Chemist: 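Take a look at the following structure, please.
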Amino acid sequence: MLHHTFTALLLLAGCSSGSAKQTGDDGASDSGAPDTGFPATGTLPRVSISVDDDIDPGDEPWVRDWQPASLEITRDGQMLHGGRAGIHVRGNSSTQYDKKSFALETWDANDADADVSLLGMPAEEDWVLQGPYSDKTLMRNHLAYSLFRAIDRYAARTAFVELELNGDYRGIYVLMEKVKRGPDRVDLPDGGALLKRDWVEEEDDDPLLETARCRDFLTVEWPDSVGTIDTRLDAAEAALLDGDHGPVDLDSFVDHMLLVELARNVDAYVLSTFITLSPGGTLGMGPVWDFNGALGNADYFEAWETAGWHYDNPEFPADNRAGFCWYEALLASPDFQTLRAERWRAHRAGPWSDASLQAEIASARQVLAPAVDANFARWPVLGEYVWPNDEGAEDRDSHAEEVAYLEQWLLARAAWMDGEL
């Protein structure tokens with residue numbers, strides 16, 4: 001059942017919602033877009049960032065270095081926020097796109113980190129400006145995170161905005177919370193840990209662990225040192241693999257699996273995967289992250305198919321051979337299988353019913369509609385293949401067709417899972 005408060009937030013704050021710290025060219029010629037920006041539509045919040053010395057953060061050698069900037073957020077000419085900020089490109093495969101995504105920090109007048117509430121989201125300093133490019137609905141991340149929050153799990157809050165960078169209009173972006181430990185984000189007590197399974201970048205200075213049994217590599221996102229995390233993690237892993245589910249938050253593992261399978265996320269389980277470890281050594285799964293290649297929007301790992309478990313595709317888990325080790329053990333447990341079916345039926349009876357899924361999509365489309373033409377004038381990719389689009393992408397020439405495909409795909413996927421569970 002769609003939450004009425006969520007719908008109101010969609011309409012009032014540009015799809016800002018929730019519960020609970022990636023741009024290649026200079027914006028000119030190559031994409032067919034002009035050097036000067038389009039006018040604001042007057043319906044979505046306008047994020048205007050002016051980088052000091054007019055530096056484009058997407059250009060070398062600054063791509064991963066924080067660049068000081070001035071930040072303004074307005075709507076209908078009204079100032080919602082003004083202050084200093086830091087910005088740099090973020091992402092892995094998405095850095096190939098002309099429309100980049102960015103890490104954003106809110107700063108004080110002395111260019112030091114400062115917690116700020118943006119567009120109604122709880123005050124923090126770490127944010128993400130995600131630039132949907134291959135996702136031509138512009139809403140896949142927003143939709144996935146909304147669905148996770150609808151079953152009372154934390155996922156990043158989001159708000160649709162239009163971005164202007166150094167005076168150049170960059171189109172529709174999703175302003176979202178960075179996944180991190182905090183009372184309004186991943187609320188971990190002292191002694192807990194936030195871990196991540198993902199590509200490991202050379203410049204990543206987070207501690208790196210390798211588990212004893214699965215030989216799975218995980219970065220420690222929080223805290224700043226390993227301490228006893230490795231020994232507690234190995235103990236939980238050993239128990240899980242030996243059939244003892246005591247140190248496992250099974251509900252969280254089930255809910256995470258159900259959403260990544262509902263969306264058939266091409267990176268599911270093995271990349272962009274957050275994990276929590278309690279002070280007492282209990283493993284939890286989530287929050288979810290990065291659904292650009294989900295919901296029928298990828299042409300590999302059979303991700304365009306609405307039938308079949310993602311983890312049964314013949315190439316899985318090619319991106320990380322150790323990444324499915326825990327779930328492989330859990331799937332051998334009848335208790336886990338029973339719990340998975342029970343929670344699926346409960347979610348489908350409420351927040352993931354067909355009516356609720358359609359309402360979520362319709363609400364996002366309504367908010368996006370006034371700015372869609374400007375976005376695709378800036379980035380004319382409709383009807384073109386943009387990696388990793390499904391093969392049918394070249395036949396969909398409008399935003400409306402993209403959204404219709406997403407909705408039809410999602411309903412068919414849910415129906416297949418109904419038959420299995």
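It should be emphasised that the depicted structure is a prediction, and the values quoted were computed from it without experimental measurement.
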Chemist: Taking it one step at a time, do Asp98 and Arg378 satisfy salt bridge (Lys or Arg N to Asp or Glu O under 4.0 Å)?
Modeler: CA-CA 11 Å; Asp98 291 337; Arg378 181 64 179 83; over 6 Å; no
Chemist: Test your reading of the model: is there a side-chain donor-acceptor pair from Glu261 to the backbone of Trp309, 3.5 Å cut-off?
Modeler: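 Absent.
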Chemist: Just by distance, do the side chain of Thr273 and the backbone of Leu271 share a donor-acceptor pair under 3.5 Å?
Modeler: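 A pair under 3.5 Å: yes.
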Chemist: Kindly compute the distance separating OG (Ser48) from CG (Asp168), expressed to the nearest 0.5 Å.
Modeler: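 Answer for the OG-CG pair, Ser48 versus Asp168, is 11.5 Å.
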Chemist: List in chain and number order the residues that pass side-chain hydrogen bond (donor to acceptor under 3.5 Å, both in side chains) with Asp312, two or more places apart in sequence or in another chain; answer none if no residue qualifies.
Modeler: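 Not a single residue meets the side-chain hydrogen bond (donor to acceptor under 3.5 Å, both in side chains) criterion with Asp312.
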Chemist: What is the minimum heavy-atom distance between Pro132 and Asp135, and which atoms define it?
Modeler: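 Smallest interatomic distance, heavy atoms only, reads CB-O, 3.7 Å.
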Chemist: Would you say Asn297 and Ser134 make side-chain contact, with heavy atoms under 4.5 Å?
Modeler: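 The answer is yes, as the side chains (C-beta and beyond) meet within the 4.5 Å cut-off.
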Chemist: Quick one: which of Tyr173, Phe376, Tyr97, Trp387 gives a ring pair (Phe, Tyr, Trp, His ring centres under 6.0 Å) with Tyr133?
Modeler: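 One option only clears the test, and that one is Tyr97.
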Chemist: How about Arg157 and Tyr145: do any of their side-chain heavy atoms sit closer than 4.5 Å?
Modeler: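 Of all side-chain heavy-atom pairs linking Tyr145 with Arg157, none is under 4.5 Å.
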Chemist: Checking Asn110 side chain against Ala112 main chain: does a donor-acceptor pair fall under 3.5 Å?
Modeler: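 No; zero donor-acceptor contacts below 3.5 Å.
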Chemist: So how far is it from Ile172 CD1 to Met139 CE, rounded to the nearest 0.5 Å?
Modeler: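 With rounding to 0.5 Å, CD1 (Ile172) is 9.5 Å from CE (Met139).
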Chemist: For Asp190 and Pro279, work out which heavy atoms get closest and say how close.
Modeler: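 It is O-CG, 3.4 Å.
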Chemist: With no hydrogens and no angle check, do the side chains of Asn313 and Glu305 hold a donor and an acceptor under 3.5 Å apart?
Modeler: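 No, no side-chain donor-acceptor contact under 3.5 Å.
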Chemist: Is the side chain of Arg264 donor-acceptor paired with the backbone N or O of Ala307 at a distance under 3.5 Å, no angle test?
Modeler: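 Pair found, side chain donor or acceptor close to backbone of Ala307.
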Chemist: What's the shortest heavy-atom distance between Leu175 and Trp127, and which atoms?
Modeler: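 Scanning both residues completely, I find the closest heavy atoms to be CD1-CB, 4.2 Å.
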Chemist: Has the side chain of Glu125 got a donor or acceptor atom that lies under 3.5 Å from a matching backbone atom of Trp107?
Modeler: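 Flag not set: sc Glu125 to bb Trp107 has no pair under 3.5 Å.
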Chemist: Determine which pairs satisfy disulfide (SG to SG under 2.5 Å) with at least one residue from residues 258-358, sequence neighbours left out, and list them in order.
Modeler: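 Sorted pair list: Cys214-Cys325.
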Chemist: Going from CG on Asn166 to OG on Ser70, what distance comes out if it is rounded to the nearest 0.5 angstrom?
Modeler: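 Going from the CG atom of Asn166 to the OG atom of Ser70 covers 10.5 Å.
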Chemist: Run the side chain to side chain contact (heavy atoms under 4.5 Å, CB included) check on Leu262 and Leu295 step by step: do they pass?
Modeler: CA-CA 8 Å; Leu262 175 61; Leu295 296 154; 5.9 Å; no
Chemist: Looking only at non-hydrogen atoms, find the nearest pair between Phe301 and Ala318 and report the distance.
Modeler: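 Scanning both residues, the minimum pair turns out to be CZ-CB, 3.8 Å.
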Chemist: If you round to the nearest 0.5 Å, how far is OG1 of Thr276 from CZ of Arg181?
Modeler: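 Answer rounded to 0.5 Å: 12.5 Å.
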Chemist: Side chains of Leu143 and Leu147: closer than 4.5 Å at any heavy-atom pair?
Modeler: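 Result yes, sub-4.5 Å side-chain heavy-atom pair found.
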Chemist: State whether a side-chain donor-acceptor pair under 3.5 Å links Thr231 with Thr228.
Modeler: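 No, no side-chain donor-acceptor pair sits under 3.5 Å.
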Chemist: How long is the span from the CG atom in Leu71 to the NE2 atom in His81, to the nearest 0.5 Å?
Modeler: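 The distance works out to 4.5 Å.
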Chemist: I would like to know whether Asp206 and Trp222 meet side chain to side chain donor-acceptor pair (under 3.5 Å); could you show each step before the answer?
Modeler: CA-CA 8 Å; Asp206 291 325; Trp222 182 85; over 6 Å; no
Chemist: Mark yes or no for whether Arg64, through its side chain, and Val89, through its backbone, hold a donor-acceptor pair below 3.5 Å.
Modeler: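 Side chain of Arg64 to backbone of Val89, a donor-acceptor pair under 3.5 Å: yes, one is there.
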Chemist: Would you check if the side chain of Arg153 reaches a backbone N or O of Ala150 as a donor-acceptor pair within less than 3.5 Å?
Modeler: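 Checking the backbone N and O of Ala150 against the side chain of Arg153, no donor-acceptor pair under 3.5 Å is found.
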Chemist: If every non-hydrogen atom of Ser356 is compared with every non-hydrogen atom of Pro351, which pair is closest and at what distance?
Modeler: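 Minimum heavy-atom contact is CB-O, 3.3 Å.
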Chemist: Taking all non-hydrogen atoms of both residues, which atom of Asp224 and which atom of Pro207 are closest, and how far apart?
Modeler: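 Taking every non-hydrogen atom into account, O-CG, 3.6 Å.
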Chemist: Would Arg348 and Met417 count as a side chain to side chain contact (heavy atoms under 4.5 Å, CB included) if you check the C-alpha gap in whole Å, the side-chain angles of each, and the deciding distance to 0.1 Å?
Modeler: CA-CA 10 Å; Arg348 285 287 279 161; Met417 290 179 66; over 6 Å; no
Chemist: Would you sort out whether Val260 and Phe291 count as a side chain to side chain contact (heavy atoms under 4.5 Å, CB included), showing the intermediate values?
Modeler: CA-CA 9 Å; Val260 299; Phe291 279 67; 4.0 Å; yes
Chemist: What orientation do Phe316 and Phe324 show, parallel under 30°, tilted 30 to 60°, or perpendicular over 60°?
Modeler: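 Perpendicular, since the angle between the ring planes exceeds 60°.
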Chemist: Whether the side chain of Thr158 engages the backbone of Met176 through a donor-acceptor N/O pair (distance < 3.5 Å, no angle test) should be reported.
Modeler: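 No; zero donor-acceptor contacts below 3.5 Å.
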Chemist: How are the rings of Phe253 and Trp326 set relative to one another: parallel (under 30°), tilted (30 to 60°) or perpendicular (over 60°)?
Modeler: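 Because their plane-to-plane angle lies in the 30° to 60° range, the rings of Phe253 and Trp326 count as tilted.
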Chemist: Evaluate the salt bridge (Lys or Arg N to Asp or Glu O under 4.0 Å) criterion for residues Arg90 and Asp290: first the C-alpha distance (whole Å), next the side-chain angles of each, then the deciding distance (0.1 Å), finally the verdict.
Modeler: CA-CA 12 Å; Arg90 64 164 285 124; Asp290 192 2; over 6 Å; no
Chemist: Ignoring hydrogens and angles, state whether a donor on the side chain of Asn320 or Trp199 is under 3.5 Å from an acceptor on the partner side chain.
Modeler: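 No, Trp199 and Asn320 have no side-chain donor paired with an acceptor closer than 3.5 Å.
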Chemist: Pairs in or reaching into residues 316-335: which pass salt bridge (Lys or Arg N to Asp or Glu O under 4.0 Å), with residues at least two apart or in two chains?
Modeler: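 Not a single pair qualifies under salt bridge (Lys or Arg N to Asp or Glu O under 4.0 Å).
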Chemist: With ring centroids as reference points, do Tyr311 and Tyr327 lie under 6.0 angstrom apart?
Modeler: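 When the ring centroids of Tyr311 and Tyr327 are compared, they turn out to be at least 6.0 Å apart.
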Chemist: Which salt bridge (Lys or Arg N to Asp or Glu O under 4.0 Å) pairs, counting each pair once, include a residue from residues 226-242, with sequence neighbours left out?
Modeler: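 Residue pairs passing salt bridge (Lys or Arg N to Asp or Glu O under 4.0 Å), neighbours aside: Arg213-Asp242.
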Chemist: Donor-acceptor pair, distance only, cut-off 3.5 Å: does the side chain of Arg413 make one with the backbone of Ala263?
Modeler: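 Flag not set: sc Arg413 to bb Ala263 has no pair under 3.5 Å.
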Chemist: So Ile49 and Leu104, do their side chains get closer than 4.5 Å, heavy atoms only?
Modeler: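 When only atoms from C-beta onward are counted, Ile49 and Leu104 do touch, with a gap below 4.5 Å.
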Chemist: Measure the shortest side-chain to side-chain distance between Thr137 and His142 over non-hydrogen atoms and say whether it is less than 4.5 angstrom.
Modeler: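 Counting from C-beta outward, Thr137 and His142 never come under 4.5 Å.
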Chemist: If I take atom CD from residue Glu105 and atom CG from residue Asp113, how far apart are they, to the nearest 0.5 angstrom?
Modeler: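 Spacing of CD (Glu105) from CG (Asp113) equals 4.5 Å.
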Chemist: Within the structure provided, determine whether Val179 and Arg185 are in side-chain contact (heavy-atom separation under 4.5 Å).
Modeler: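 No; the side chains remain at least 4.5 Å from each other.
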Chemist: Do Leu233 and Leu195 come within less than 4.5 Å of each other through their side chains, counting heavy atoms only?
Modeler: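 A side-chain contact under 4.5 Å exists here.
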Chemist: Pair up each side-chain donor or acceptor in residues 243-250 with any protein partner under 3.5 Å, not counting sequence neighbours, and list the distances.
Modeler:
unit_1: Asp244; atom_1: OD1; unit_2: Gly246; atom_2: N; d: 2.9
unit_1: Asp249; atom_1: OD1; unit_2: Asp251; atom_2: N; d: 3.4
unit_1: Asp249; atom_1: OD1; unit_2: Ser252; atom_2: N; d: 3.4

Chemist: Can you find a pair of side-chain heavy atoms, one from Asn292 and one from Ser94, that are under 4.5 Å apart?
Modeler: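 Asn292 does not reach Ser94 side chain to side chain.
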Chemist: Please list, chain by chain and in numerical order, all residues satisfying side-chain contact (heavy atoms from CB on, under 4.5 Å) with Glu407, sequence neighbours excluded.
Modeler: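 Glu407 satisfies side-chain contact (heavy atoms from CB on, under 4.5 Å) with Gln358, Ile361, Leu411 once adjacent residues are dropped.
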Chemist: Quick check against the 3.5 Å criterion: does Arg170 have a side-chain atom that pairs as donor or acceptor with the backbone of Glu162?
Modeler: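 Absent.
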Chemist: Is it true that Glu401 and Lys136 make a salt bridge, defined as a side-chain N closer than 4.0 Å to a carboxylate O?
Modeler: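 No.
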Chemist: May I have the step-by-step check of side chain to side chain contact (heavy atoms under 4.5 Å, CB included) for Asp397 and Leu382, ending in yes or no?
Modeler: CA-CA 5 Å; Asp397 296 323; Leu382 290 170; 5.6 Å; no
